[in-house]
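Here's the structure, in structure tokens; my notes come after.
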Amino acid sequence: MTDEQPILPLADGTLLPQLGLGLWRTPDEEATGLVRRAIEAGYRLFDTAAAYGNERGVGEGVRAAGAESEVFVTTKLWNEDQGYDRTLRAFDESLRRLGLPAIDLYLIHWPAPSRGLYVESWRALIRLKEEGRARSIGVSNFGPEHLARITRETGEIPVVNQIELHPRFQQLALRAINARLGVRTQSWSPLGQGRLLHDLAVSRIAARYGKTPAQVIIRWHLDNGLIVIPKSANPERIRENIGVFDFRLTPEDQAQIASLDRPDGRIGPDPTATTF
Ligand code: A2P
């Protein structure tokens with residue numbers, strides 16, 4: 001097995017690094033240094049959002065490392081900016097804050113179905129892609145009905161659907177729907193926001209490989225073909241979380257982790273019920 005970072009092809013031909021750094025809750029002023037150090041550690045994918053308030057810091061970190069042409073930056077449209085014209089304006093603002101030539105992957109953050117604007121917003125993303133300002137476009141927190149609607153009404157399939165996904169909430173049904181459509185599944189809160197790191201089964205597997213529980217869980221996402229963006233605001237843990245390319249889980253390990261799935265394992269909001 002090589003230590004090389006795995007890359008996954010998206011339906012639009014883009015080759016996306018399968019592991020990235022999540023920046024939810026990372027303060028803007030810390031983001032610059034963390035991103036720069038993460039690039040040194042080997043990260044090539046960064047996941048931010050207008051709502052995280054740290055696009056400026058993330059862009060600055062990428063530029064400080066001189067890595068504009070080597071890294072992929074994802075950012076997301078916030079719910080209040082949904083609608084065709086507002087999306088175009090919000091995109092411009094994100095691009096300005098990031099200070100990068102284009103946005104590699106632009107996502108609709110939530111379907112926010114009560115607003116009734118996600119199809120119009122998706123049409124704006126299609127235009128941004130046609131203009132080359134967003135290189136790839138996708139969605140986040142979309143359920144089957146939202147995916148079906150945007151693809152039916154526009155004919156354009158999102159390249160990724162970023163959803164809450166971790167061993168306690170494995171989302172098998174939605175993953176199957178994504179796969180059938182050719183949509184890559186990306187896992188947010190892949191470590192269950194840290195709650196899974198004390199799980200006994202995970203700790204036992206980790207001890208066998210001389211790895212940490214976080215590394216085992218990240219490996220589980222990779223071995224399941226998921227794009228994974230563990231969040232850490234700590235340089236040592238950021239380095240730890242990319243040390244996962246030199247081992248692979250056995251079918252027995254996989255079966256043990258599969259058994260941690262719970263119907264009520266969701267931590268974040270239910271996208272279909274959310275009214276924000
Ligand atoms: P911190 O930012 O202090 O490192 P998720 O990606 O599932 O949302 O999990 C993020 C949470 O897990 C954060 O609280 C983060 O804390 C913590 N975390 C991330 N990586 C590790 C690690 N390798 N070991 C322990 N905790 C971690």
Side-chain angles (χ1 to χ4, degrees), residues 5 17-49 51-54 57-58 61 72-76 107 109-110 140-141 160-171 174-175 185-224 226-247 249 257 260-262 264-271:
Q5 178 154 190
Q18 205 183 341
L19 171 62
L21 179 67
L23 288 131
W24 183 46
R25 289 188 170 152
T26 297
D28 204 19
E29 57 282 6
E30 284 175 38
T32 305
L34 289 171
V35 166
R36 197 172 41 72
R37 292 168 87 158
I39 292 170
E40 278 165 21
Y43 284 79
R44 291 294 177 268
L45 172 67
F46 295 92
D47 187 88
T48 181
Y52 300 171
N54 57 21
V58 170
F72 292 80
V73 177
T74 303
T75 194
K76 313 185 193 87
L107 309 181
H109 206 147
W110 295 87
S140 184
N141 302 301
V160 308
N161 186 13
Q162 185 184 117
I163 56 177
E164 177 178 346
L165 202 164
H166 43 78
R168 227 168 255 159
F169 194 60
Q170 299 185 17
Q171 296 258 39
L174 188 48
R175 275 158 67 185
T185 303
Q186 205 172 18
S187 310
W188 66 254
S189 284
L191 306 173
Q193 293 176 20
R195 293 174 205 195
L196 281 155
L197 301 176
H198 303 291
D199 181 88
L200 193 59
V202 174
S203 302
R204 284 207 182 114
I205 296 170
R208 255 198 299 113
Y209 292 103
K211 291 285 176 182
T212 66
Q215 288 171 324
V216 164
I217 295 171
I218 293 164
R219 191 66 238 177
W220 175 83
H221 289 271
L222 297 176
D223 287 347
N224 281 284
L226 302 161
I227 303 164
V228 58
I229 44 166
K231 179 261 166 183
S232 179
N234 172 293
E236 269 167 41
R237 290 194 280 278
I238 287 176
R239 267 198 306 280
E240 174 186 325
N241 292 349
I242 200 172
V244 293
F245 304 138
D246 56 354
F247 76 114
L249 301 177
I257 299 177
L260 302 178
D261 197 17
R262 298 282 176 275
D264 60 350
R266 192 194 286 280
I267 299 171
D270 179 347

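Start at 1 and go down the list; that is how both ligands and their atoms are numbered. Remember, it's a predicted structure, so these values are computed and weren't measured experimentally.
For Glu29, the side chain to side chain contact (heavy atoms under 4.5 Å, CB included) test picks out Pro27, with sequence neighbours left out.
When each of Asn54, Asp28, Thr75 is paired with Thr48, the side chain to side chain donor-acceptor pair (under 3.5 Å) condition holds for Asn54 and for no other.
Closer than 4.0 angstrom to ligand 1 lie heavy atoms from Ser189, Pro190, Leu191, Gly192, Gln193, Gly194, Leu197, Ala214, Pro230, Lys231, Ser232, Ala233, Asn234, Arg237, Glu240, Asn241.
Of the charged side-chain nitrogens involved, none lies within less than 4.0 Å of a carboxylate oxygen, so that Lys231 and Asp47 do not count as a salt-bridged pair.
Between Trp188 and Trp110, the angle of the ring planes goes over 60°, which puts this pair in the perpendicular group of the 30/60° scheme. Ring-plane geometry between Tyr52 and His109 is classed as perpendicular, the angle between the planes exceeding 60 degrees on a 0 to 90 degree scale with a lower cut at 30.
Annotation for Arg266: atom CZ counts as buried by contact number, over 12 foreign heavy atoms lying within 6.0 Å.
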